[in-house]
2 protein chains.
Amino acid sequence: VINLQQIKKSYDMGGAEQVQALRGVSLAIHKNEYVAIMGPSGSGKSTLMNIIGCLDTPSSGLYEFNGVNVSEMNDNSLARVRNKEIGFVFQTFNLLARSDSLHNVELPLIYGGVSSSLRKKMAHNALSQVGLGDRVHHKPNELSGGQRQRVAIARALVNRPSILLADEPTGNLDSITGDEIMILFEELHAQGNTIILVTHEEYIAEHAHRIIRIRDGVIASDETVANR
Amino acid sequence: VINLQQIKKSYDMGGAEQVQALRGVSLAIHKNEYVAIMGPSGSGKSTLMNIIGCLDTPSSGLYEFNGVNVSEMNDNSLARVRNKEIGFVFQTFNLLARSDSLHNVELPLIYGGVSSSLRKKMAHNALSQVGLGDRVHHKPNELSGGQRQRVAIARALVNRPSILLADEPTGNLDSITGDEIMILFEELHAQGNTIILVTHEEYIAEHAHRIIRIRDGVIASDETVANR
Ligand SMILES: Nc1ncnc2c1ncn2[C@@H]1O[C@H](COP(=O)(O)OP(=O)(O)OP(=O)(O)O)[C@@H](O)[C@H]1O
Ligand SMILES: Nc1ncnc2c1ncn2[C@@H]1O[C@H](COP(=O)(O)OP(=O)(O)OP(=O)(O)O)[C@@H](O)[C@H]1O
Ligand SMILES: [Mg+2]
Ligand SMILES: [Mg+2]
């Protein structure tokens, strides 16, 4: 479902300096896989996730999503893919500062044209699942760091995406709350969906069936764990 | 050096709802202690850190810093304490979006009246110590999540504060980079300074000599580890 070939991404810093965030990444991810991406800080993981999630374009290389070349998709198809097929938990959450948790979680449903009463119900449900049923009317600055992270997770899960991209989803969570989130991801996976998560923690990566390690913008190793 | 007695903090949510973030916290921290604060997401850790760091005021209770009642300090004394004595690594980094890493790290030195050439030198040095010597002119949105976290750490350390308050300083870092940061904290501690860090990770907490566990706005346990 995701096919990357020789993906490169570089940034010009004005003047002679160019940062090569991805230096030629090729990988294929199939439906219902559960993949963990690990690697040092600055190695290119978020850059890779943003390209997979159709939020950024590579400097060169090919990205096929469900067999279609993403760089040839029109804006409507791209918007449909981002809204209907992909759920994204950002490393820095990216919540709307002036909206409460409920409205933040409703956002993908509003774009998806879901009726007001149904989406309120779905958003309440998603927030309860991450343990924030009593925080629905708090704005982001009225929430703890881990609570904001959980609102971002609820927003990503609320329309049951076929592909969940989660960039360090448990970084601000204690291990018990983190385990509860991993159970939600397991449920989504068990329903046939695809999970790709970036993590720094081996015990989180162990939930995945395949671990891809990135170093300096390239894939250093790509291992499938047979017994899961 | 830090003496909290029956500290309470609550927020009014408009209407009848009141959130009690801290429900009566009493604790004393002495010079050169190395304390880890742990607890579930939403239990009150960041609220406690903000009060200790003189960035927030309690709803009730007493806070004495170096024997002086903080609520009776004038603005000048408070500003001096915050700038000269305390270094704070925020859970959400709080970097200036339009300034590069170097300028962000220089900020405490500018407030402290350090000369331009000396503070550039100190800021370069602090950034090299966290492995970002080649990212000094990148702005926050040109940095990875873990790199932003490290800029926040460099900014907190650049002044060699007598008290370092670090709120989940390794949450976005791989374990190797996290270890490098812990070495920097060890060095600061060995020079006689006081370290208070919030963490979700037991292996980070193990660097401390004392672990305080918070739950629902109160201290659940407070243990000194004798053998470190
Ligand atoms: N401005 C606010 N208004 C209302 N409630 C708030 C506000 N700030 C924090 N809270 C609430 O106070 C409680 C404690 O928040 P705090 O940020 O101290 O938690 P924490 O222990 O740091 O959590 P985490 O591990 O998730 O960072 C949370 O339940 C949060 O929802
Ligand atoms: N807009 C940009 N301009 C210049 N350099 C950038 C930009 N965005 C990212 N970079 C650089 O690209 C590299 C990869 O960044 P990326 O965010 O993908 O890392 P990461 O693996 O997610 O790191 P972390 O674990 O710290 O989150 C980093 O060295 C970063 O400094
Ligand atoms: Mg990242
Ligand atoms: Mg916190």
Side-chain angles (χ1 to χ4, degrees), chain A residues 11-15 17 19 21 38-50 90-93 95 100 130-132 134-150 167-168 170-178 180-181 198-203 205 213-215, chain B residues 11-15 17 19 21 38-50 90-93 95 100 130-132 134-150 167-168 170-178 180-181 198-203 205 213-215:
Chain A
Y11 299 100
D12 283 322
M13 293 302 297
E17 190 198 344
V19 174
M38 304 187 79
S41 172
S43 56
K45 306 178 297 297
S46 297
T47 304
L48 179 61
M49 290 288 269
N50 288 336
F90 296 93
Q91 188 170 6
T92 47
F93 318 155
L95 302 177
D100 62 13
V130 298
L132 293 178
D134 61 352
R135 289 285 183 273
V136 296
H137 294 303
H138 285 233
K139 298 200 189 60
N141 69 342
E142 296 167 331
L143 293 171
S144 76
Q147 290 169 343
R148 288 176 212 171
Q149 188 158 41
R150 284 184 274 159
D167 197 344
E168 301 191 37
T170 62
N172 281 284
L173 302 176
D174 56 284
S175 50
I176 293 177
T177 312
E180 293 168 4
I181 296 305
V198 170
T199 182
H200 283 310
E201 309 192 68
E202 297 282 347
Y203 79 91
R213 294 183 195 270
I214 306 255
R215 171 172 288 281
Chain B
Y11 299 101
D12 283 323
M13 294 302 296
E17 190 198 345
V19 175
M38 304 187 78
S41 173
S43 56
K45 306 177 298 296
S46 297
T47 304
L48 180 60
M49 291 288 270
N50 288 337
F90 295 92
Q91 187 170 7
T92 47
F93 320 153
L95 302 176
D100 63 14
V130 298
L132 293 177
D134 62 351
R135 289 284 183 276
V136 295
H137 293 304
H138 285 231
K139 298 199 188 61
N141 69 342
E142 296 167 332
L143 293 172
S144 78
Q147 289 169 342
R148 288 177 214 172
Q149 188 158 40
R150 285 184 273 159
D167 197 343
E168 300 192 36
T170 62
N172 281 285
L173 302 177
D174 55 283
S175 49
I176 294 178
T177 312
E180 294 168 4
I181 296 304
V198 170
T199 182
H200 283 311
E201 309 192 69
E202 297 281 349
Y203 78 92
R213 295 183 193 271
I214 306 256
R215 171 172 288 283

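Keep in mind that what you see is a predicted model, and the values were worked out from it rather than measured.
- Considering only residues two or more places apart in sequence or on other chains, A:S43 meets the side chain to side chain contact (heavy atoms under 4.5 Å, CB included) condition with A:P40, A:K45, A:I214.
- By the side chain to side chain contact (heavy atoms under 4.5 Å, CB included) test, A:N50 is found to be paired with A:L55, A:D56, A:F88, residues two or more places apart in sequence or in another chain being considered.
- In this structure, the separation between CG on B:N172 and CD on A:E168 is 5.0 Å, given to the nearest 0.5 Å.
- The candidate from B:E202, B:H138, B:E201 with the greatest count of non-hydrogen atom pairs under 4.5 Å with chain A is B:H138.
- Distance check: B:Q149 CD to A:S41 OG gives 8.5 Å after rounding to the nearest 0.5 Å.
- There is no contact between A:I176 and chain B, counting heavy-atom distances below 4.5 Å.
- Between B:R148 and A:T92, some side-chain heavy-atom pair lies under the 4.5 Å cut-off.
- Taking 4.5 Å as the limit, every side-chain heavy atom of B:H200 sits out of range of all side-chain heavy atoms of A:T170.
- If you measure heavy-atom distances from A:S46 to chain B, you find no contacts under 4.5 Å at all.
- Here the CG-CD distance, from B:D134 to A:E17, works out to 7.5 Å after rounding to the nearest 0.5 Å.
- In terms of heavy-atom pairs under 4.5 Å with chain B, the best-connected choice from A:V19, A:T199, A:D167, A:L143 is A:V19.
- Heavy-atom pairs under 4.5 Å with chain B were tallied for A:Q91, A:Q147, A:R135; the largest tally goes to A:Q91.
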